[in-house]
Every structure is written in C-alpha cells, then in structure tokens.
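Worksheet for the structure shown next.
Each chain gets a letter, A, B and so on, in the order its sequence line appears, and its residues count up from 1.
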There are 4 protein chains.
Amino acid sequence: MKRIAVLTSGGDAPGMNAAVRAVVRKAIHEGMEVYGINRGYAGMVDGDIFPLDFDSVSNTISRGGTFLYSARYPEFAQLEGQLAGIEQLKKNGIEGVVVVGGDGSYHGAMRLTEHGFPAVGLPGTIDNDIVGTDYTIGFDTAVTTVVDALDKINDTSLSHNRTFVVEVMGRNAGDIALWSGIASGAEYVIAPEFDFSFDEIAKDIEARYKKGYKNAVIVLAEGVMGGNEFAEELKKHGNVGDLRVSILGHIQRGGSPTVRDRVLASRMGVRAVELLKEGIGGVAVGIHNEELVETPILGDGNALFSLDGDKIVVNNPHKADKKLLDVAYDLEH
Amino acid sequence: MKRIAVLTSGGDAPGMNAAVRAVVRKAIHEGMEVYGINRGYAGMVDGDIFPLDFDSVSNTISRGGTFLYSARYPEFAQLEGQLAGIEQLKKNGIEGVVVVGGDGSYHGAMRLTEHGFPAVGLPGTIDNDIVGTDYTIGFDTAVTTVVDALDKINDTSLSHNRTFVVEVMGRNAGDIALWSGIASGAEYVIAPEFDFSFDEIAKDIEARYKKGYKNAVIVLAEGVMGGNEFAEELKKHGNVGDLRVSILGHIQRGGSPTVRDRVLASRMGVRAVELLKEGIGGVAVGIHNEELVETPILGDGNALFSLDGDKIVVNNPHKADKKLLDVAYDLEH
Amino acid sequence: MKRIAVLTSGGDAPGMNAAVRAVVRKAIHEGMEVYGINRGYAGMVDGDIFPLDFDSVSNTISRGGTFLYSARYPEFAQLEGQLAGIEQLKKNGIEGVVVVGGDGSYHGAMRLTEHGFPAVGLPGTIDNDIVGTDYTIGFDTAVTTVVDALDKINDTSLSHNRTFVVEVMGRNAGDIALWSGIASGAEYVIAPEFDFSFDEIAKDIEARYKKGYKNAVIVLAEGVMGGNEFAEELKKHGNVGDLRVSILGHIQRGGSPTVRDRVLASRMGVRAVELLKEGIGGVAVGIHNEELVETPILGDGNALFSLDGDKIVVNNPHKADKKLLDVAYDLEH
Amino acid sequence: MKRIAVLTSGGDAPGMNAAVRAVVRKAIHEGMEVYGINRGYAGMVDGDIFPLDFDSVSNTISRGGTFLYSARYPEFAQLEGQLAGIEQLKKNGIEGVVVVGGDGSYHGAMRLTEHGFPAVGLPGTIDNDIVGTDYTIGFDTAVTTVVDALDKINDTSLSHNRTFVVEVMGRNAGDIALWSGIASGAEYVIAPEFDFSFDEIAKDIEARYKKGYKNAVIVLAEGVMGGNEFAEELKKHGNVGDLRVSILGHIQRGGSPTVRDRVLASRMGVRAVELLKEGIGGVAVGIHNEELVETPILGDGNALFSLDGDKIVVNNPHKADKKLLDVAYDLEH
C-alpha cells in the first residue's frame, strides 16, 4: 500500500490528535504517503482530502479535540454514500483508511473494507463503551476531567454540608461514573449496568447525616436518567439534606490528553498502519491485557457487531466491571 | 486585644483557608490567641467555637473550600441573633472577630462592631462584586476554573463546528464573564452591566460562518438569564449553527486557590489582625491600586452599605469595567 | 484477625494516602480495627502507632505524599530491629500489617511474616520497577508530572530552537523515561535497559537541524547517567545546537494522584485487607492484565526476591517494555 | 500607519502569543495590515517577515512559548544591525513595530524609534523586573508553575521530614521567589534585594525541628546564588536536618498562560496598536495601579533606561516589594 488516509468521526475525544499523529508518522516511517480527511465521512464524500507530512502533526500530541474536525454523517450508512466516498478515495490514489471514532465510525470502516478498501478502526471515544478493547482513546482524560470537577465539588459540598448529584457522561456505559466515583471517594455511584434503589440511597444518606457526616456525593451516569430528575425523585424518599445538582456536560470531551491516552493513541496508530501495510482491513485495534489486539468489526459475540437471525447488524454490548462497583461500595460504607 | 476569632460565611470561595491561615498565624505572631468559629454566624450563635494554633492551619494554604465550614444564616440580621452571638463570644473571652465572606457577612460584622465587638471583614467571594476592593478572594481561582473549562469547550466546539453558550457565575457582576471571555478568546461576552442585542449577535454569528469561521462561543453571566433561555431566544434571531449550552455550575467555587488568591488572602489576613490589634472594627479590608485599603462597611457611596432616605441599609453597587468589554470586542471582531 | 496496622515506607509516592485510606475503610467495613504506624519501620520500632477511624482518612484520596510519613530504616534488615518492631505490634494487639512501599519495604514484610506476623506489601513507588505488578502506585502520577514539565520545555525549546536533555527519575527502570518520552513526543529516550550511541544521536540531531527542524528533546533516565554528564559527552560527538539541561528532580514525587493511581491504590488496599482477613501474609499485591494478583515476596524468578546459590536474598529484575521504545523511535524518525 | 509588524525577543514567556494575537487582531480591527517577524531582531535583519491575518492567530491565546520564535541578537545593539533591520522593514512596507520582550528588546525598540521607525515595547518576561509596569507578561504563569512545583515538594518534604532549598528564576528580581514563597507557605524566602544571614536561618531551622515541626522549605532566587552552593554554606551554620536541593530550571518559562497573563497581554497588545496608530513610538506599555500606562524607554529615573553622566545608557532598577517579604515572615514565624 503506497498511500493511506486517516479521518476522525463521531464525538470528539482527547487523544484523537495523538492517534492521527501516530498514523501519519508511522506511515511516513514505513515509506507510505498519508492524507487527512476533514470532518469524517462527510469530508470523505465531499472530497475534503489533503496530504499530510511529518511536520503537519508536530505539536499536536498534547492538544485536545481533533484538527481533522469531526462530524456525524448518517448518510454513510447507505450504499450511495459509501460509493461516493470510495470514488473520492480512488481519485486521490488512496488505498486504505484509518478511522478514529466510535461505534458508528466502525460501521463505515466495515463497509469500506467490504467494498475492497481496507479500513482499520481505532476506538476514539470518551465513553469506554467499545467491545474489543479494555480502554478507548479519550476515556482516561475524560475521567480525569470529571475527577478534577468532583474534587472541586467536594470542596464546596463539604464547606456547606451539602448533598450533590453530579451527572457525568456515559449513555450506555457506566465506566466514567465508576472510575470517577472511586477516584473521588464519592459515596454513591449510579451506572446503567447496575440496579439501585432510591429508597436505600435516601435512607442511607439520612443515616449518614445523623451519624455526623458532613456531606454526600452521588455520581450519576447520564444513561440512567438526568441529574435533575434523579434529584427530584430522591427527595421523595427521605431527608437527603441540602441537595444540589451539577451537570458536567461538554467539558468532559475536551482538554489535553493524559499520558495514558497519548501513549495508547500512539501505540494504536502505529498498529493501524502495520495492519494496512499488510493489506488487512475490517478490524478494530484494541488493547487487551496490556497488549494490542485486533478484533473483526463484524463477527461473533466478541466482535463489535454481529448479524442477528434476520441478518441485521447489531451492536455487541460492552460489559462494565462489577468489581469496581464493589470497591466503591466497600470504601464508602 | 488578647483573643480574637475568625469565621467564614456565605458561599465558599477558594482562598478562604489561606485567609484564615493568615489571621491565625499573624495573631500568634503578635502574641494574641485565636479561635475558630465553625459554620459562620450560625456557629457563633451555637457556640461552635474552638482554639486554633500555629499547626492547625499547616497545609491549608493550597486547599479549596473552608475548613471552618460556611453557612448562610439570615437570623443574624436580627438583633436577637446578634446578641446571642455576642454572648458566646464573651463566654469564650473573644474581643474581636475577622469575618471572611460576602455582602451578607459584612452586614453581621457591622452589627457586631456597633454592639462593641470590633469586627473586620475580608472579601471572600468568587463574584468580585464587593465595593471597596479591586479584587475579592476567590475571584482569580474561579476565573481560572472557568477558562480551563472554556479551553476544553473550545476543543470540542472547534472539532464539531458548533456554537456554544456557556453560562458562568455572576449574579450582579459580569467580572467572571468578562475576564474569562477575554482570556479564552470567546467571540461574545454577555454581562449584566452591559446591553446586548440578540439580533446583532445572531446576525454576526451567521456572517461569521459564511466567512468560513468554524465555531463561536458566547460567555453568559448567569445574572443576565439562564443559558438555555438565552439559547432559545438567540435561535429565533438567525441561523446560529449547531447550538449547544453548557452551564458550568458548582465547579466554579472549588479548587486549590491560585497564586494571586493565596497572596491576596495572606496579605488581607495580616491586615485584619493589625486592625483588630489597634481596636479598629466596622471596616472591610480591600486591595486598591495594589495597596491594601480599609473601607467603612457603612458610610457614603464608597462604603459597602449606605443608609437611604428612610434610614434603610442599601448596598452600594460594584461597577464592572467597561474597558474590558471593549478589549474583548476589538479582538474578536 | 481483629486488628491490623498500615504503614508507608521508602520514597513517598502519590497514591500512598489513597492506599492507606482503602486499607482503613475496608478493614472497618470488614469489622476489623485498624492502626496507623508513622514513619514506616522506624515508627514501628519506636511504637509510633495509633488508631485510625473512618473519618481519619476522609479527604485524603486526592492528597500527595503520605500522612503517615515515610522513612528509610535499614536497621529493620537486622533481626534485632524486626523483633523490636514485633514487640510493639504485640503491645498494641496488632495481628497483621499492610506495608506500602518499594523493594526495601517488601523485605521487611517478608521478615514479619516469617516471624508469625502476616504482612502484605503494596507497590508504592513512582519508578514502576517492582516485579509482580504491571504498574506501581504513583507511577502514573509521576509520568504525568514529567509530561507536564516536558510540555512546558517543548514550548521554550521550540521558541528558541534549542536541544534539551531532560533528566527524569528511574534508577534501574526506564519506565518513566519511556512513557513520558512517547507522551511528549520527545525525539530520543535513553533508558538503562537499552543501549544507545552518543555518536548516532549527535549525528541524527545534526541531520535534523539541517533538514529544518526547530528543536530536539532527549529524555534521559537518571539510572543511565546525570543530565550534565550526558550533555557534555553528547557535545563531543557532533554539533547538537544550543544545548540545555533540565533535571526535574523532586517534583516527580509529589502532587495529587491521578485517577489511575487513585483507583489502583483503592483496589489494592481492599485486596490487602482481604488477604490479611484470610491470614495470608508474605505476598505482594500487584495488578497484571487488569486483574489483581498476589506474588510471593520470596520465591522463584517471578517473585520479588529469590535466594541465590549462597542462600542470599537477591532482587529479581523488573523488565522494561522494548515495544514502547520501538513506538517512540518509529514516531520521531 | 497602514502596516505594522510584531516580533518577540529575548527569553520566551507565557503570554507572548496572547500579546501577538492581540496586536494582530486589533490592527486588523483598526484597518491596518500586520506582519510577523520570526526570531526577533535576528529575523528582522534576515528579512524573515511574513503577513499575518485574523485566522493565523486563532487558538494561540492558550499556548505557551512564542509561535514567532525568539532569539537573543546582540548585533542589534550596533548601528549596522539597526540599519539592516530598517531596510528590511522598508522593503516590506512596514511603518511601525511592536516588540514583545525584556530589557534588551526595549533597547532595540528605542533605536528603531530614533531612526524614524516608531516601535512600542511590551514587557514579555517572566522575571517581573521591568521598570514602568507593576506586572510583566509571563510573571503570573511562571509563579503559578513554581507554586505548583512547591506544592509537590511540600508533599515529599513533609512525608520525609526534610529541609528543601528550591532555586527559582530571578536574576536581578526576587519577585518570583517572594510571590511563590508566600503562596506556598515556604518558611524562608531569599531574594537578591534583601539581606539574609545563613546563621540566623540555620539556627531557626534547628529550633523549628526541636519544637516538633516536620519540615522546612527555603525558596531561593537564582540571582542570590545557586541552590547547591546555598545548601553547602547553610549546612556549615547548624544542623538543618536532611537537606535536599531542587533547581526548578526551564519549566518556569513554559506552559499555557494564566488568566492574568492572557488578559494583561491582550490589553497591552491593544494599547500598543493604539499608540502606533497615533504615530507614537519609543515607549513601553505597562500596567500601573490597574490602568495601562506608557513610559518612555529612555528618560529619567522612571523610564526604563537613562543616560548616565557619560551619556551611557543604563538600566533603571526594578524595585521589589519589601511588604511582601514582611508578610512571608509574619506568617511563618
């Protein structure tokens, strides 16, 4: 393969730039040319494609966001969109593509590969909800941002003897809530994967204050429900003190990537190029037990997607780590 | 004066611990004894009062929040509350008080002084909305937290070509919005002190995108209106792109104080003790033109409060700095 | 086991407080009493031992250093010291001990266990040089501090077109150098585990500047040699531009622990208590392939120490990850 | 004036990019064209000059270093160098110049103005040692970096009961040492402007440890002497415990500028353009008592330089603030 391209797609995640940088640098190291595609699949179809050199990624490893821009582009789920994209790739002499993004982005990579254009996926999403990898690029940074916010909220919560509900990101996956809950010493962690009872929590908070504790913090994954809704319901079940809600929102996507995310993105970017060099596509790079691994994007239960009985593509679910919930519980109760 | 006390009151602010530390250390240095009062005026009335020594404030200068806890306690506006507080002070042999807090806290300090207990106020509030000082303790840290968030939001805003409305604290004062707007390079700053037009902003954003700009950020002080309300109204006036709202909320109160806030709090704490040592109360310490100054809590227009025609105590308004708005405008347009 | 104790020993590492906190909280959760020992084995022998409760570790998870203090105490390698320590443990009714520290600390834990006092080791050291665990408590924070410094040095290196040698910690292990080198995009990483040639590096730097590159950064593990010595030698081998040396030093040990270190320390602290509860000692807790594991402190090549032919206790060496060096090389050359 | 240029010169300082950004944006706002000059006066003489537009400074406000590069260029002190520089300016149609830098950079600005090219100086240096301004661009960030390091060193100093000498930047000015000393709660601050006694300090440290204190930190400005030299001498005067030295070095120049530095740089950049627009040169912009001011570069004692009896240009000395030293002393003793 003489020329490859790289794009970022879906919600932006810190470390995407580090991944793109690694793809560019490794490709050049291997004697290949490398192009960037702006705005994900939208830019591919528009032909917003341009060459990148060694210097064009200098000083990007520490930067949040993605300098290739990102966009959601549902049209790429259709054959028409895919063929339009491939036409642009061909026009630019591109033979393989690295896609950095989440679930939706991987779907596109799978289709490109089916059409004869090997595409490799890298898991760039803060949610850590991708099958086939222990960690996604951006997760460590997002949790770090959340814990920094929780440390600050602890200051004010404790100073004022207040109960806080803090809503964090995580639509299907509680990983951000679990990790940040443990790391901040939050009293309760509510994640979509695990049951909880308003009644038990409210009673427990009441008991805490009676024993003389000064505050309580509940970390809530957005996938369960909104923070305000949660607080309203909680109040009905007991006297939970001076209750406040904080919704962390968009700050969770930005910021300079942590060391972990930079190293992970660098390693994965290198591997993606090695795979394309061997003509391999239709796989996603992951890290499992500290080693880089490849998973077929479409396949059996360990793949990202499977075909159900009606030959419909379905997502295989990410499994959150119950052990972490137990740690959180043991340390606060 | 042989024994003084210190309390924190109102919304907590980073640097309150540094101020308390300075009061304690300076009092000891001057040969006085010093007591802490928990939970502001509430603790004073409850007698939640205890001795502090040199070591009890070690390693507090870098900590957010207030280890003396804080509380709002409207009952102290009444004579009955004040007398109950004074009784507790007398019982503990306390002859003067340093109060770290905002407007409401100063009111109590004024009353204590009128009743023969000299009390000195230090401006501990993130809003920078206190007459008689160029800067309040906590303001620099709060703006730093806001700018850190805005830098992160810029990453994602730019990556996705989005328009963001970011609601920041500041009920009556636009200082947080103004400083953070300039420091983050936000395109628009909306503060309670200055007029604005939805129509102009919407048209300007439309024009920006047509010229090829990739994103736009509006920093909005909460005193103007809520972020969601602002966004709804803005949309009616033009095509402002993919519009998102972020409400920074409680994180703005916490965190390790900045150098500025630590130094300011340390200097002010020293001065408060010097004043009490001379038997002076009923004044607030401020910084003006880089020098520490004292302002009467009750007095003419330069004081924190004045009596109106009906002898009612009224707040004298803080004046925001129009020059900063002009800088923000010139650099982004 | 009804009562256990916890101590920190050797060089301090961020996350030691989080580990102690987890031991305390988990022990209480399991119905045990828990004591703290100040200044490591020195405090054990002195009887500087005191009870800890749930609240005594509140708000410690985010703090650097160790509130139990640490000290090196070579006397504990002798039988006399060990017996004196055990007498103090018995006097306080303590039946098991958790030791947070590095190699030397583990040696003491092994001896305690041999004398009938089960002791469990947790790897608290920034160097990541402990056999039996993929990561030590404090490593992620130290690398984060180093990368923060390297990001700053990149600013000034690039602004002035300079070559920098940055000396980082790591006496026997190049992990800090390797991770921080990749994460900061340093051009060269010199670690004790891998060969290098002054001549090759000097020639390569010369070539870089000729091609128009603006700066170069060399990350050097202290175990190889000192930064100044390295720079002097390098200069003899070529024109390496305006060369500066920065020795990061003691800042690498401090700071609020990262999310990773907090979670790792929390998990390991929980496990240490579970082991003691079952009467198990003489092992070190580690994390391997994302799962907590236990390794005998003394045993075969996979243990921390082995007996050599003369029955002398020898350290089994930590193995650095050559794959990371390859990544660093591929991305910068 | 229709076209102006901007350069950065001398040691780099955080906020230089924010100043350049403000010059560019304000110039465009005022209908002028603006050029950048790479590598300070060296680039001026080489003709390394190129146009800048609104977008070329996007996303630079948060970045450390200077994207225009900086260099020391003593040749510009000679007439020949100055005339060569002016020739290049004329060739590019440039009518005025903004110079961001320290003392040496101002000298060049003065000469350019004398030769008919109005040049305005902005104080870009971390040392805060420039006459005519209360604060320089970069000082707040540098102190923030130093305090962050001191907070970390406090962790380890306290954990191990050690005495630390921490050498910080400041060749002629103790401002970094003074501010960081207060803000970190250091026990001793040694600055070039103030006398000190090794004997007093050593005796005081001895006394502290005897009273049971756990550690001591000495912040030393490099202008007094080197950290190792200081430590050697100190040891001769008393038992100062387990003494360590940390030299913070180059990290003090880098990093994302603080809010203060960004706002200061933005305001000063705007003012520089306003001055050039009116044809005014030969002055330096400063901030005094919260207001922007201009000071003649060459003039009487309030100017940056004066002519001595032999008509030789001499620097007028920056005066450090004795009040701050008193605060530091009162709070720690």
Contact winner vs chain A - V146(C), V263(C), L331(C), heavy-atom pairs under 4.5 Å: L331(C)
Set of residues satisfying side-chain contact (heavy atoms from CB on, under 4.5 Å) with respect to [X], sequence neighbours excluded:
X	answer
A18(C)	I61(C), A265(C)
A13(A)	M16(A), I126(A)
A27(A)	I4(A), M32(A), V34(A), V273(A)

Flag the one option from V259(A), L158(A), I182(A) with the top tally of heavy-atom pairs under 4.5 Å to chain C. V259(A)
Under 4.5 Å from any heavy atom of chain C - which part of [X]:
X	result
V270(A)	side chain
I28(A)	neither
L292(A)	neither

Between chain A and chain C, are any donor-acceptor pairs under 3.5 Å, and how far apart is each one to 0.1 Å?
unit_1, atom_1, unit_2, atom_2, d
R21(A), NH2, E332(C), OE1, 3.3
R21(A), NH2, E332(C), OE2, 2.8
R25(A), NH1, L331(C), O, 2.9
R25(A), NH1, E332(C), OE1, 3.1
K26(A), NZ, D330(C), OD2, 2.5
H29(A), ND1, H333(C), O, 3.0
H29(A), NE2, D330(C), OD1, 3.3
Y135(A), OH, E290(C), OE1, 2.5
D151(A), OD1, R262(C), NH1, 3.2
D151(A), OD2, R262(C), NH1, 3.4
D151(A), OD2, R262(C), NH2, 2.8
A183(A), O, R262(C), NH1, 2.8
R262(A), NH1, D151(C), OD1, 3.2
R262(A), NH1, D151(C), OD2, 3.4
R262(A), NH1, A183(C), O, 2.8
R262(A), NH2, D151(C), OD2, 2.8
E290(A), OE1, Y135(C), OH, 2.6
D330(A), OD1, H29(C), NE2, 3.3
D330(A), OD2, K26(C), NZ, 2.5
L331(A), O, R25(C), NH1, 3.0
E332(A), OE1, R21(C), NH2, 3.3
E332(A), OE1, R25(C), NH1, 3.2
E332(A), OE2, R21(C), NH2, 2.8
H333(A), O, H29(C), ND1, 2.9

